[in-house]
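Worksheet for the structure shown next.
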Amino acid sequence: MIQITFPDGNVREYPNGTTAMEVAESISSGLARNVLSARINGEVWDATRPIEGNATIALLTWIDKDGKSTFWHSSAHLLAEALEALYPGVQFGIGPAIESGFYYDVDLGDKTLSFDDLPAIEKKMLELAKEKNTYDRREVSKEEALAYFTEKGDTYKIELINELEDGTITFYQQGAFVDLCRGPHIPDTGKIKAVKLLSVAGAYWRGDEKRKMLTRIYGITFPKQKELKAHLEMMEEAKKRDHRKIGQELELFMFSERVGAGLPIWLPKGNALRERLMNFMREEQEKRGYKMVTTPHIGKKELYITSGHYAKYGEDSFQPIETPREGEEFLLKPMNCPHHCEIYANKPHSYRDLPLRIAEFGTVYRYEQSGELHGLSRVRGFTQDDAHIFCTPDQLKEEFLNVLDLTKTVLSRMGFKNFTAQISLRDPGKPEKYIGSDENWEAAERAIIEATDEVGLETVQELGEAAFYGPKLDFMVRDAIGRSWQLGTIQVDYNLPDRFELEYIGSDNQPHRPVMIHRAPFGSLERFISILIENTAGKFPLWLLPEQYALLPINEKVVDYCKTIADKLAIHDIRGFIDDRNESIGRKIRDTELKRIPYMLIVGDQEAANGNVSVRRQGQGDQGIMTLDEFAAHFQEVLNIEKEA
RNA sequence: GCCAGCAUAGCUCAGUUGGCCAGAGCAGCUGAUUUGUAAUCAGCGGGUCGGGGGUUCGAAUCCCUCUGCUGGCUCCA
């Protein structure tokens, strides 16, 4: 007998070689039906795999993240089985579960697969699922594994096997389909009741753009049809929040083929939003001792040779602009730091001057591959809320903490709660990717980790995600369809001060090298606004809105009364406009609702006679009659709630 | 840049297997209407079907190419 320990600490005895499924059955048949896999001694296993020796167990079902992931990984195998049945000779790459569903990378030879082919594959998958084939695990020798896939002619699997150690290789088989796989899998295919293949896309084999591009099929599956339906409805809802759609509807920004791809054009309403964001940032920065500067949009090529950016990105940038007579070369600035370094170098500095915090809303231009462009999130010209802090090594941590505080203030003021703070570190295996000494890298990485620990910021660390000149702390936020984007960033840089030979005179009367922090709490206004739109579905916080209310006169006679209201509200710093079009009140309300203007003040003969307004809130309907003072008080209260949130 | 798609009026979309002057709703303009919580009514104007080239007696429809867009991949100072 062996002892099995349950998550609640209970211990029960079972015969040696018992499976998780049998354990589940011993508890209830309902549980057994729902078990997808099990965590045995911390490792996720097949529910049908015999447990040898004492163990801890956690039975995993659809509600567990690992249960879902087992389900989706098994679904990838089902997809592969269907593909093999429909397209004999297909070769397989890898087929993992992802955050929401799964994919399989396949090589169909000369055959190209398009979206229209997916329904037939879905149908085959459901057909195969109904066979309720079990997923059978088998340990194989490397020799046997190679022999099988050589016979089958699957070059990708052979490549994978060659990198595995003999004795650790397992095959899984369901129905006629055998795959190289570590597992685990669900007990049988019958649990997969609902299948939706979402898209086909190209994906380079092993993520290497020099290697062959395989066909990637994305899909998602569920144990119940109803769940699939709910999921698809959710995706539809998310699409309505897409900033590209809302941006057009609300006339915030546009693109023009003639101006060029990836070059956003801000329309008056979007620009007003931008201005408010910038003013907010200006105020917050002024409180924290930043000085604003303005620098040109271009800089001589030599500037970027000095900074090291030319060597790193010269080929992959917009190419230099030349002066017609002198032949001087200028680059569109891809970042502001070299210009700011020159500002620092403009005069000698004493340690007493530091930290020096130089800020600019700097518009920069970067070449992005055409396939990468995406609305406002990935563009070729954008404005950073950039600043560079020059400080002594001793001040580094305090300055970092100061920036951290600013960034957190910004995110909370915007109502962003679901961000991830990611510390991006070097890839230790690829020193050639980075410039700067080991010593400086270590010091910088340590500073970031310590500062985030100190403020209790929860972070994730990613190796290999650092910029080429230094480690960074990025704030990542998700868009409407779950993609993660970098917004705010804080980067420590020992390199640029070196390259620009920046100095300050210390208390010892000797020259020293300052440390530099690059930071942008919004990141770029473009991307920030794209996320703001998707997070709020275009219903922006009240304090940010240029148009907070619309005054809707019911007839012409009350327009003058509306004007007196607007004047009085302006005194309270409440902004809005009068919709005096010759339209029905129903139409005015509908149009204002669609423009997502938070307050509608409806005024007819009664309101004009009584000196009040009828208040309607966007999306919430009639709020009843209020006097102006009542409305102003209510308004102020909402602003206060926003501020504290 | 690569893979797979898409591109018809300002917007959202129809347009059967290539066949008369390319359609609708909304928006716009003109007029009537002065309206009580999500679309008042009527009339009118508007598209070299993304650009260019080709096949054909004939192309929005088929082929090539460029541009832009969508979903991925790679990249992201």
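Naming convention: chains lettered A, B, ... in sequence-line order (proteins, then strands); numbering from 1 in each chain.
- Summarising the geometry of A:Asp385 relative to A:Ser524, their closest heavy-atom pair is OD1-N, 4.5 Å, with the distance given to 0.1 Å.
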Show me the donor-acceptor pairs within less than 3.5 Å that the side chains of residues 468-475 of chain A make with the rest of the protein, sequence neighbours left out.
residue  : atom : partner  : partner atom : Å
A:Tyr469 : OH   : A:Gln491 : OE1          : 2.1
A:Lys472 : NZ   : A:Asp474 : OD2          : 3.4
A:Asp474 : OD1  : A:Thr489 : OG1          : 2.7

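- Taking only side-chain atoms of A:Arg587, from C-beta outward, the nucleotide of B:A77, B:G72, B:A27 with the closest atom is B:A27.
- Nearest nucleotide to the side chain of A:Ile589, out of B:C69, B:G71, B:U37: B:U37.
- The gap from the P atom of B:G15 to that of B:U8 amounts to 13 Å, rounded to the nearest Å.
- Between the C1' atom of B:G36 and the NZ atom of A:Lys557 lies a distance of 12 Å, rounded to the nearest Å.
- Checked against the 6.0 Å centroid threshold, A:Tyr549 and A:Phe631 do not count as a close aromatic pair.
- Between the side chain of A:Arg378 and the base of B:C75 there is at least one donor-acceptor pair of N/O atoms closer than 3.5 Å.
- Stacking of the aromatic ring of A:Tyr313 onto the base of B:A77 is found: the ring centres lie under 5.5 Å apart and the planes are inclined by under 30°.
- Closest to the side chain of A:Ser370, from the set B:G36, B:A39, B:G1, is B:G1.
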Kindly give the atom pairs (protein nitrogen or oxygen, nucleotide nitrogen or oxygen) under 3.5 Å for nucleotides 10-13 of chain B.
residue : atom : partner  : partner atom : Å
B:C11   : O3'  : A:Gln248 : NE2          : 3.0

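- Rounded to an integer number of Å, the gap from A:Arg380 CZ to B:G68 C1' is 11 Å.
- Taking atom P on both B:C3 and B:U65, the two are 11 Å apart, rounded to the nearest angstrom.
- Nucleotides B:C44 and B:C64 have their C1' atoms positioned 42 Å apart, rounded to a whole Å.
- A heavy-atom distance below 4.5 Å is not found between the side chains of A:Cys562 and A:Asp580.
- Nucleotide B:C3 holds its C1' atom 12 Å from the CG atom of A:Leu108, rounded to whole Å.
- Remark: A:Glu593, A:Leu594, A:Ile602, A:Gly604, A:Asp605, A:Gln606, A:Glu607, A:Ser614, A:Arg616 in residues 592-616 of chain A come within less than 4.0 Å of RNA chain B through at least one heavy atom.
- In the set B:G72, B:A77, B:A4, B:A4 carries the atom at the smallest distance from any side-chain atom of A:Thr112.
- Summarising the geometry, the separation between CG on A:Asn555 and C1' on B:U40 is reported as 16 Å, rounded to the nearest angstrom.
- Looking at A:His339, its side chain does come within 3.5 Å of a backbone N or O of A:Ile298 through a donor-acceptor pair.
- Atom pair A:Asp579:CG and B:G36:P shows a separation of 15 Å (rounding to whole Å applied).
- Under the 6.0 Å cut-off for aromatic ring centres, A:Phe318 and A:Tyr365 do not qualify, their centroids lying 6.0 Å or more apart.
- Below the 3.5 angstrom threshold, one finds no donor paired with an acceptor across the side chain of A:Tyr367 and the base of B:G1.
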Between the protein and nucleotides 42-51 of chain B, list every N/O to N/O distance that falls short of 3.5 Å.
none

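- Between the C1' atoms of B:C20 and B:A32, the separation comes to 38 Å (whole Å).
- Under the ring pair (Phe, Tyr, Trp, His ring centres under 6.0 Å) criterion, A:Tyr156 pairs with A:Trp205, sequence neighbours left out.
- The separation between A:Tyr103 atom OH and B:G72 atom P is 13 Å, rounded to whole Å.
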- prompt: Which dot-bracket string fits RNA chain B when only Watson-Crick or G-U wobble pairs with both atom distances under 3.5 Å count, crossing pairs get [ ], and | stands for a partner on a different strand?
  reply: (((((((..((((.....[...)))).(((((.......))))).....(((((..]....))))))))))))....
